[in-house]
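One structure is given here, and the rest of the page talks about it.
Letters go in sequence order (proteins before strands), and every chain restarts at 1.
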Amino acid sequence: MTLTVYNTLTRNKSAFQTIEEHKVRMYCCGITVYDYCHLGHARTCLVWDVVRRYLQWSGYEVKYIQNFTDIDDKILKRASQEGTSMEAVSEKYIAAYFEDMERLGVGQADAYPRATHTLDGIKRLVAELEQKGFAYPAEGDVYYAVRKFPDYGKLSGRKLEDMQAGASGRVDQDPDSKKQYPFDFALWKAAKEDEPAWESPWGNGRPGWHIECSAMVRERLGETIDIHVGGGDLTFPHHENEIAQSEAVTGKPLANYWLHNGMIIVEGKKMSKSLGNFITIRELLDKYEPMAVRLFILQAQYRKPVDFTDEALSTATNSWSTLKEGLLFGDQYGEQLGFSGTNLLDQELVNRFKSAVDDDFNFAGGLAVLFEIAKNLSKEGHILIHEGIIKTDVQELEQQWQTLTQLATVLGFTASIDKDNSNTGLSDSEIDTLVQQRNEARSNKDYAQSDRLRDQLQSQGITLIDKPGGITIWNRD
RNA sequence: GGCGACAUAGCCAAGUGGUAAGGCCGUGGAUUGCAAAUCCAUUAUCCCCCAGUUCGAAUCUGGGUGUCGCCUCCA
């Protein structure tokens, strides 16, 4: 089986081949830290985290880097609104980012470089671009001359002439602009009053947005990396500009594979800050379980847009409880069934999972395998509770459970038994007594009393199951 | 206006030439005092529309229609 991936650069699926055998160098364009993350950010982080897990599980050693943009107009604006500094705003939202991602179960990258820690690399890159004639200074700013880079537009599939012709007035030359050409972009911006600035050969100033990623990739991963990922909305201009910057200097491809995830849609429109239709991860997790959110995102192909609705999240919550039941099977019944603890996997199931996901990270296809296993396990669990028997061979059940657990881990799903069910205050014998009282009421046809007792127990998390022959068993939720 | 992506049951969604995975919801039956839970069974003659290629297409080609993204900060 071969992993096949869709490459934005070639607009095609092709077999995945690494530069160095068994090693993957992967870079993800992270976030600008001026506010809490929303569901759209969650999708990006979640999807690429799972891609990385999958690559690792497939036998690759993955070096995964994700940046924080901590120099930016929006951060400065936020700082002045809050009467604080750019650093304070960045720190606050970086901390919030880690809290949110931990709750979602997103693994940590190998490093989180920041623009403010990459100034040397950035300035070196700008200087090299200037030396090679790709950049020009203008009154303290430095711009990249896109017309000097023949490949400009190759990632997003556009031509400069078309963009200019088709933009219908949207790219009118700003009379105050220092650019030589409308699509040139800033590598370095001259310092404004009261704003943070760094010394440079072009005067005090700060870096433009795109240059930091070029510098970080080069510094942390090298001149050509295997996979560069990010949200689809970054394809142009951000990633296009990264390519222009890096490749102009090195003469080598910046990345062999460019992968982009689709957007979250709300009522037909992209979830975004500017539209104000976003829901933060924190708000979301007040209402839904993290694993349900993960399922909601992974059930869709990563490149397609996904509609956010409460109905979809509720559905995902129900689906998650099915999966969860399967995942908890061994914890709940393993001891009783005498699980051996050996880690044997069902290769047929593993292969089906792998062949699904190997096709451009088709996680939805992989999840179908997980659901199949989980459904059977939860069914066996139910039969065990109700009838005290199982219908599948114990060894096979254990193998299924081990397989489910491992495959779920690849996708980042983990379940744990809720610990707060022991505070009902009722001991087993007390429950037995109440159940007996209820059965007496039932035999006297005093159903009002019997239902009252059942409700009372239910409210304390005790579910009664009436079986044929007047036998009642119970269990704690 | 330019570039790109997508269109499969009530909802979400996989499937890229051989006759429609999976999830959620629902339905029928068993069981029950009634429930709940559970078990069993069941839910697209058809994949946006039209034409074509083919023995055969949801899957390929052409043309429509619709939706979304990017072209400005953006995950």
Side-chain angles (χ1 to χ4, degrees), chain A residues 6 8 11 13 28-32 34 37-48 69 72-74 153 156-159 161-171 183 209 229-238 240 260-265 268-275 278 295-296 299-301 303-307 309 311-312 314-323 352 356 359 362-372 374-375 378-379 381-383 385-387 391 441-443 445-447 450-451 454-455 458 463-468 470 473-475 477:
Chain A
Y6 181 89
T8 306
R11 296 179 197 292
K13 275 195 215 171
C28 175
C29 279
I31 54 159
T32 301
Y34 71 104
C37 287
H38 60 61
L39 180 57
H41 300 113
R43 183 177 191 195
T44 295
C45 297
L46 220 42
V47 161
W48 303 121
T69 298
D72 173 86
D73 287 339
K74 291 189 290 293
S156 53
R158 28 193 113 206
K159 299 189 180 92
E161 315 86 73
D162 292 348
M163 288 202 292
Q164 202 169 19
S168 53
R170 303 181 67 180
V171 290
F183 295 103
W209 174 36
V229 304
D233 53 355
L234 298 186
T235 309
F236 190 91
H238 184 58
E240 196 71 70
H260 293 96
N261 62 278
M263 301 290 101
I264 298 279
I265 307 294
K269 288 287 159 205
K270 176 181 145 187
M271 177 176 287
S272 72
K273 294 282 188 190
S274 43
L275 290 174
F278 60 91
L295 193 56
F296 165 70
Q299 272 190 318
Q301 216 286 336
R303 283 187 280 124
K304 286 191 184 180
V306 168
D307 271 304
T309 58
E311 193 196 353
S314 303
T315 296
T317 302
N318 289 342
S319 305
W320 165 238
S321 60
T322 301
L323 212 47
R352 277 172 55 203
D359 181 9
N362 180 0
F363 299 126
L367 276 167
V369 177
L370 301 205
F371 273 103
E372 209 175 290
K375 284 254 173 173
S378 64
K379 190 172 87 183
H382 295 149
I383 296 174
I385 287 181
H386 284 255
E387 298 171 38
K391 292 189 169 174
R442 286 173 76 205
S443 50
K445 298 204 190 305
D446 183 1
Y447 296 121
S450 82
D451 288 350
R454 181 170 65 194
D455 292 345
Q458 185 67 67
T463 300
L464 302 188
I465 302 166
D466 293 329
K467 299 183 37 158
I473 60 172
W474 59 265
N475 61 62
D477 292 342

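Ion pairing of Glu240(A) with Arg158(A) is absent here, as no side-chain N (NZ or NE/NH1/NH2) approaches a carboxylate O to less than 4.0 Å.
Side chain Asp446(A) to base G33(B): no donor-acceptor pair is found below 3.5 Å. Taking 3.5 Å as the limit, the base of C34(B) and the side chain of Arg454(A) contain a donor-acceptor pair of atoms between them. For Asp466(A) against A37(B), a side-chain-to-base donor-acceptor contact under 3.5 Å is absent.
With both ends at atom C1', the span from U53(B) to A21(B) equals 28 Å, rounded to whole Å. Between the C1' atoms of A44(B) and C12(B), the separation comes to 15 Å (whole Å). Taking atom C1' in both G22(B) and G63(B), the straight-line distance is 34 Å, to the nearest Å. For the P atoms, the distance from C50(B) to U65(B) is 15 Å, rounded to whole Å. Taking atom P in both C39(B) and C24(B), the straight-line distance is 12 Å, to the nearest Å. For the C1' atom pair drawn from U43(B) and G1(B), the interatomic distance equals 47 Å after rounding to whole Å. For the C1' atoms, the distance from A30(B) to U67(B) is 46 Å, rounded to whole Å. When the C1' atom is compared between A41(B) and A35(B), the two are found 22 Å apart, to the nearest whole Å.
U16(B): no Watson-Crick or G-U partner with both key distances under 3.5 Å is found in any strand. If you check C68(B) for Watson-Crick or wobble pairing at under 3.5 angstrom, you find it paired to G4(B). When both distances must be under 3.5 Å, the Watson-Crick or G-U wobble mate of C39(B) is G29(B). The pairing partner recorded for G56(B) is none, the criterion being a Watson-Crick or G-U wobble arrangement whose two distances lie under 3.5 angstrom. A 3.5 Å limit on both hydrogen-bonding distances identifies no Watson-Crick or G-U partner for A44(B). Of all nucleotides present, none satisfies the Watson-Crick or G-U wobble test against A9(B) with each distance under 3.5 Å.
With rounding to whole Å, Leu46(A) atom CG is found 16 Å from A75(B) atom P. Summarising the geometry, the separation between NE2 on His260(A) and C1' on C3(B) is reported as 14 Å, rounded to the nearest angstrom. Across the protein-nucleic acid pair, Lys13(A) atom NZ and U16(B) atom P stand 7 Å apart, rounded to whole Å. Rounded to whole Å, atom C1' of C71(B) lies 14 Å from atom CG of Leu234(A). Taking atom CG on Asp451(A) and atom P on C34(B), their separation rounds to 12 Å, with Å as the unit. For the pair Ile383(A) CD1 and U38(B) P, the computed distance is 12 Å after rounding to whole Å. What separates CG of Asp233(A) from P of C68(B) is a distance of 16 Å, to the nearest Å. Per the geometry, CG belonging to Asp359(A) stands 11 Å off P belonging to A14(B), to the nearest Å.
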Verdict with supporting geometry, Phe363(A) and Gln301(A), side-chain contact (heavy atoms from CB on, under 4.5 Å): CA-CA 7 Å; Phe363(A) 299 126; Gln301(A) 216 286 336; over 6 Å; no
side-chain contact (heavy atoms from CB on, under 4.5 Å) between Thr44(A) and Ile31(A), intermediate numbers included: CA-CA 10 Å; Thr44(A) 295; Ile31(A) 54 159; over 6 Å; no
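The side chain of Ile265(A) approaches G69(B) more closely than any other nucleotide in the set G69(B), G22(B), G23(B). For Met271(A), the side-chain atoms get nearest to A75(B) when compared with the rest of A75(B), A14(B), U72(B). Relative to the side chain of Lys375(A), the nucleotides C71(B), A5(B), G23(B) differ in distance, and G23(B) lies closest. Among the nucleotides U38(B), A75(B), C24(B), the one closest to the side chain of Thr32(A) is A75(B). Of the candidate nucleotides G22(B), G69(B), A14(B), G22(B) has the atom lying nearest to any side-chain atom of Gln299(A). Distance from the side chain of His386(A) is smallest for U38(B) among the nucleotides A14(B), C73(B), U38(B). Distance from the side chain of Thr44(A) is smallest to A75(B) among C39(B), C24(B), A75(B). In this structure, the nucleotide among A14(B), G4(B), G23(B) sitting nearest to the side chain of Thr322(A) is G23(B). Taking every side-chain heavy atom of Ile465(A) into account, A36(B) is the closest of A36(B), C71(B), G69(B). Checking A75(B), G33(B), G22(B) against every side-chain atom of Ile264(A), the shortest atom distance belongs to A75(B).
The 5' end of RNA chain B is approached more closely, in terms of each residue's nearest nucleotide, by Val369(A) than by the other of Val369(A) and Ser378(A). Taking the nucleotide of RNA chain B with the nearest heavy atom to each of Ile31(A) and Ala312(A), the more 5' of the two is matched to Ala312(A).
Between His382(A) and C39(B) there is a side-chain polar atom (N or O) within less than 4.0 angstrom of OP1 or OP2. Contact check, Lys270(A) against C70(B): a side-chain N or O comes under 4.0 Å of OP1 or OP2. Contact annotation: Lys269(A) side-chain N/O to G69(B) OP1/OP2 distance is under 4.0 Å. Taking side-chain N and O atoms only, Lys391(A) has no distance below 4.0 Å to OP1 or OP2 of C40(B). Side-chain nitrogen and oxygen atoms of Lys304(A) include at least one within less than 4.0 Å of the OP1 or OP2 phosphate oxygen of A14(B). Within the structure, a side-chain polar atom (N or O) of Lys379(A) is placed less than 4.0 Å from OP1 or OP2 of C40(B). Taking only side-chain nitrogens and oxygens, Asn318(A) never comes nearer than 4.0 Å to OP1 or OP2 of G23(B).
Side chains of Val306(A) and Gln299(A) form no contact here, defined as non-hydrogen atoms less than 4.5 Å apart. Under the 4.5 Å side-chain criterion, counting only non-hydrogen atoms from C-beta, Arg454(A) is in contact with Asp451(A). Contact annotation: the side chain of Glu372(A) approaches that of Arg352(A) to within less than 4.5 Å [non-hydrogen atoms, C-beta and beyond]. Annotation: side chain of His38(A) is not in contact with side chain of Ile264(A) (no heavy-atom distance under 4.5 Å). Counting only heavy atoms from C-beta outward, the side chains of Val229(A) and Val47(A) never approach each other to under 4.5 Å.
One finds the CZ atom of Arg303(A) at 11.5 Å from the CG atom of Asn261(A) (value rounded to the nearest 0.5 Å).
Both geometric conditions, a ring-centre gap below 5.5 Å and a plane tilt below 30°, are fulfilled for Tyr447(A) over the base of G33(B).
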